[in-house]
Amino acid sequence: MTHILIVEDEAPLREAYQTILTTHGHKVETAADGEEALRLVHKRVPDVILLDMKLPHVSGLEFLRQLHADDSKALKAAIIVFSNQENEADIDEAYRLGAKNYIIKAWASPRNLVKIIDEVLAK
């Protein structure tokens with residue numbers, strides 16, 4: 001069973017992703033902001049982190065920077081950025097900091113998450 005951490009500040013999206021992934025047999029934890037996500041990751045590193053970029057308290061990029069600087073074991077998680085942020089510099093920075101994939105939310109439905117996660121884990 002894959003352990004997934006969803007980091008999403010919008011409750012309806014967070015709940016939809018959680019429902020879909022749980023239905024497909026994954027163990028899912030959620031965090032509403034980057035600060036909460038960092039606490040969860042330091043307790044137990046998930047297999048996959050599904051990360052929004054625009055978050056309160058600690059942004060997605062800042063979350064990645066802190067993981068990169070503070071906890072190299074957390075970088076073993078497959079980090080998938082799932083965001084509407086399309087800034088090329090931010091996308092490049094996310095990859096540099098360990099993201100395995102960067103998906104624009106508008107281009108992928110929540111139902112595609114299972115396929116995306118399976119593809120990232122297979123690599």
Side-chain angles (χ1 to χ4, degrees):
M1 178 184 304
T2 303
H3 175 215
I4 300 171
L5 173 61
I6 299 170
V7 188
E8 171 62 60
D9 61 323
E10 294 184 40
L13 288 176
R14 190 172 57 244
E15 292 165 9
Y17 302 154
Q18 182 176 21
T19 298
I20 289 164
L21 293 170
T22 301
T23 300
H24 283 86
H26 299 290
K27 179 180 188 270
V28 178
E29 284 186 284
T30 64
D33 60 57
E35 191 173 73
E36 180 183 6
L38 285 167
R39 282 193 304 273
L40 290 171
V41 168
H42 288 300
K43 286 181 185 176
R44 180 171 182 239
V45 178
D47 300 308
V48 175
I49 300 172
L50 186 63
L51 178 66
D52 190 10
M53 291 298 273
K54 189 175 179 183
L55 298 166
H57 309 295
V58 174
S59 72
L61 276 180
E62 185 56 32
F63 172 86
L64 289 171
R65 286 184 191 112
Q66 288 188 33
L67 280 187
H68 201 268
D70 298 340
D71 195 353
S72 60
K73 70 177 182 175
L75 291 176
K76 293 179 183 174
I79 300 168
I80 302 170
V81 177
F82 199 62
S83 181
N84 281 322
Q85 298 280 335
E86 295 188 61
N87 179 303
E88 193 170 322
D90 288 349
I91 294 170
D92 291 343
E93 181 74 355
Y95 278 118
R96 188 186 71 73
L97 292 169
K100 302 291 186 217
N101 207 333
Y102 196 110
I103 308 297
I104 304 301
K105 286 180 188 176
W107 299 351
S109 73
R111 297 198 184 281
N112 289 339
L113 283 179
V114 175
K115 180 180 176 188
I116 292 166
I117 289 168
D118 288 345
E119 288 171 358
V120 167
L121 289 172
K123 290 180 182 176

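Basis for what follows: all heavy atoms, side chains included, without hydrogens, waters or symmetry-related copies.
Ring to ring, Phe82 and Tyr17 are close: their centroids are under 6.0 angstrom apart.
Take Glu86 and apply the side-chain contact (heavy atoms from CB on, under 4.5 Å) test, not counting sequence neighbours, and it matches Ile104, Trp107. For Arg96, the side-chain hydrogen bond (donor to acceptor under 3.5 Å, both in side chains) partners are Glu93, not counting sequence neighbours. Residues forming a side-chain contact (heavy atoms from CB on, under 4.5 Å) with Ala11 (at least two apart in sequence, or on another chain): Arg14, Glu15.
One finds the CD1 atom of Ile6 at 5.0 Å from the CG atom of Leu21 (value rounded to the nearest 0.5 Å). Between the CG atom in Asn112 and the CG atom in Asp118 there is a gap of 11.5 Å [rounded to 0.5 Å].
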Which side-chain N or O atoms in residues 26-35 pair as donor and acceptor under 3.5 Å with protein atoms at least two apart or in another chain?
residue: Glu29; atom: OE1; partner: His3; partner atom: NE2; Å: 2.7
residue: Asp33; atom: OD1; partner: Glu35; partner atom: N; Å: 3.0
residue: Asp33; atom: OD1; partner: Glu36; partner atom: N; Å: 2.7

Could you tabulate the donor-acceptor pairs under 3.5 Å formed by side-chain atoms of residues 55-64, not counting sequence neighbours?
residue: Ser59; atom: OG; partner: Glu62; partner atom: N; Å: 3.1
residue: Glu62; atom: OE2; partner: Gln66; partner atom: NE2; Å: 3.2

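In this structure, the side chains of Ile49 and Ile80 stay at 4.5 Å or more apart for every pair of heavy atoms. Taking 4.5 Å as the limit, every side-chain heavy atom of Val120 sits out of range of all side-chain heavy atoms of Val48.
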Audit row: Ile20, Val114, side-chain contact (heavy atoms from CB on, under 4.5 Å) steps and yes/no: CA-CA 8 Å; Ile20 289 164; Val114 175; 4.1 Å; yes
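Among the candidates Leu97, Ile79, Leu51, Val45, the single residue satisfying the side-chain contact (heavy atoms from CB on, under 4.5 Å) test with Leu67 is Ile79.
The backbone N or O of Pro12 sits nowhere less than 3.5 Å from a side-chain atom of Glu10 that would complete a donor-acceptor pair.
Here salt bridge (charged side-chain N to carboxylate O under 4.0 Å, His left out) pairs that include residues 44-55, with residues two or more places apart or in two chains, are Asp52-Lys105.
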